[in-house]
Amino acid sequence: MKKLIITIFGSTGDLTSRKLLPALSRLYEQKQIPEETMIIALGRRDYDTDRYLEQMNQNSASDLNIDILKKLVQYFKIEITELDQYDALVELIQSNKDKDTRELFYLAIGPELFPVVSKHINKSNLVEIGNKNQSIIFEKPFGHDLNSAKEINEMLWNYFDEKQIYRIDHYLGKEMIQNIMMVRFANRIFEEIWHNRSIKNVKIIARETDGVLGRANYYDHAGALKDMVQSHLLQMLSLIAMDVPLSYFSEDVKDEKVKVLKHLSFDKESLISAQYDGYLNEENIPKDSKTETFVFFKAFVNTPRFKGVPFYLMTGKKLDQKESVIIIEFEETNEQRKWDLPLSTNKLYIKIAPLDGVGLVLNSKVPGLRDDVETVELEYCIACNAVGNMSEAYEKLLLDITNHHKTLFTRWDEIEYSWKFVEHVEKHQSKPVIYDNHEMLEKMIKDLTGEDMK
Ligand code: BG6
């Protein structure tokens with residue numbers, strides 16, 4: 001690939017300043033994308049490129065690499081809902097591309113704009129259906145329920161070929177999520193015991209400290225179940241529970257993940273919905289909102305491999321810490337009864353954030369003369385070992401798109417079955433309880449299930 005042109009629709013938003021521009025400048029700095037890369041930032045504001053970058057720098061969480069971005073970015077003023085304004089954009093792209101140019105069209109816009117923008121992209125011949133050098137990228141929310149997700153998807157299929165579509169779930173770009181398959185399938189010690197005869201339960205947890213921040217309008221219609229479970233938590237669950245794929249190529253992996261999503265059930269007695277104290281005072285949240293900012297429930301994967309194993313899913317905002325982790329707890333050893341010692345179960349921690357890594361909890365003899373047992377953790381911390389080499393999720397995802405690698409992107413049927421399951425859970429939700437600390441929630445979970453979420 002000699003040339004890359006990335007056109008970002010909705011380029012003045014948070015996603016572009018916080019994630020896309022930092023990722024693209026790092027990829028460029030590391031020579032992962034071509035020297036001849038052009039980023040066309042579309043927006044309706046009256047900026048020139050310098051002013052645009054200045055504004056993006058102010059909005060970004062950390063300083064942008066302005067020197068690099070000045071080489072790459074060109075701001076282009078356009079009303080993306082007006083078809084007649086696309087001609088100038090088509091001309092700009094035509095004059096900068098040749099027949100091998102890789103072209104990405106990033107829809108960093110709300111889903112309500114997808115239909116009109118997709119139609120205009122098609123009508124203006126910006127993207128030719130089936131052209132494999134041209135890709136369309138977008139991310140959640142993939143609709144607000146199964147029907148709206150279907151509508152969006154069918155609409156997109158009118159204008160683009162499935163091979164051109166990249167649906168981003170940014171969790172899949174995180175280092176340890178990518179590593180799940182490697183840990184499971186490249187290590188004999190796990191390969192042999194990854195089933196319901198050895199695994200006692202699985203916990204999938206995403207705790208956050210932030211509240212809704214500035215996303216009230218979106219979040220209040222979604223809530224924790226649709227915002228986090230439908231996408232990130234079910235993606236993690238499917239990678240943990242899937243059977244061995246025929247190959248590690250994208251479609252074979254997705255086939256296995258879909259089988260898991262098709263076989264999900266949940267225990268309605270275990271469902272906890274809660275809302276953080278103060279949520280109703282957040283800007284733009286209706287005073288009578290019943291949206292949950294925390295959700296917990298016990299699910300089951302009804303496949304021969306995992307039948308009967310509880311999967312505890314928990315996610316919430318305004319909790320005590322920011323942490324995403326998967327905990328796999330193994331059954332007691334067969335020899336347990338011969339030991340007159342308080343043995344613990346083994347646990348495998350797949351640590352996704354804030355520090356990616358793996359931890360394995362074992363029983364070990366207390367060193368010295370006493371015959372006693374203690375639990376020890378063997379820990380592998382990726383960031384601690386790879387200082388300077390860690391890449392952000394968006395770097396990996398953007399690089400994979402430019403290279404046509406689709407494994408880390410969600411296929412339509414994964415989204416479809418996730419929505420089916422989430423809608424089923426939603427039917428059993430009732431008015432959320434109010435929480436002002438995490439202990440209260442964890443106690444409720446303990447009382448209901450006997451489990452500590454750690
Ligand atoms: C997003 C959700 O998809 O993921 C947010 O919409 C959430 O509500 C975020 O805060 C969490 O992502 P990360 O990478 O910060 O764990």
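Small disclaimer: the values here were computed from a predicted structure and weren't measured. Whatever order the structure lists ligands and atoms in, that order sets their numbers, starting from 1.
Annotation: cation-pi geometry not satisfied between Lys298 and Phe266 (NZ/CZ under 6.0 angstrom from ring centroid, within 45° of ring axis).
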**OP:** Verify side chain to side chain donor-acceptor pair (under 3.5 Å) between Tyr171 and Ser324, making sure each step is shown before the conclusion.
**Re:** CA-CA 10 Å; Tyr171 257 61; Ser324 296; 2.8 Å; yes
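You'll find the side chain of Gln32 stays beyond 4.5 Å of the side chain of Thr402, heavy atoms only.
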Which atom pairs, nitrogen or oxygen on both sides, join ligand 1 and the protein at under 3.5 angstrom?
residue, atom, partner, partner atom, Å
ligand 1, 3 (O), Lys140, NZ, 2.8
ligand 1, 3 (O), His232, NE2, 2.7
ligand 1, 4 (O), His232, NE2, 3.3
ligand 1, 6 (O), Lys140, NZ, 2.9
ligand 1, 6 (O), Arg215, NH2, 2.7
ligand 1, 6 (O), Asp227, OD1, 2.6
ligand 1, 6 (O), Asp227, OD2, 3.4
ligand 1, 8 (O), Arg215, NH1, 3.0
ligand 1, 8 (O), Asp227, OD2, 2.6
ligand 1, 8 (O), Lys317, NZ, 2.8
ligand 1, 10 (O), Glu208, OE1, 2.5
ligand 1, 10 (O), Glu208, OE2, 3.3
ligand 1, 10 (O), Lys317, NZ, 3.2
ligand 1, 12 (O), His170, NE2, 3.2
ligand 1, 14 (O), His170, NE2, 2.8
ligand 1, 14 (O), Lys174, NZ, 2.6
ligand 1, 15 (O), Lys322, NZ, 2.8
ligand 1, 16 (O), Tyr171, OH, 3.0
ligand 1, 16 (O), Lys322, NZ, 2.9

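Take Arg44 and apply the side-chain hydrogen bond (donor to acceptor under 3.5 Å, both in side chains) test, not counting sequence neighbours, and it matches no residue. The side-chain hydrogen bond (donor to acceptor under 3.5 Å, both in side chains) test applied to Ser273 returns Gln429, not counting sequence neighbours. For Lys254, the side-chain hydrogen bond (donor to acceptor under 3.5 Å, both in side chains) test picks out Ser250, with sequence neighbours left out.
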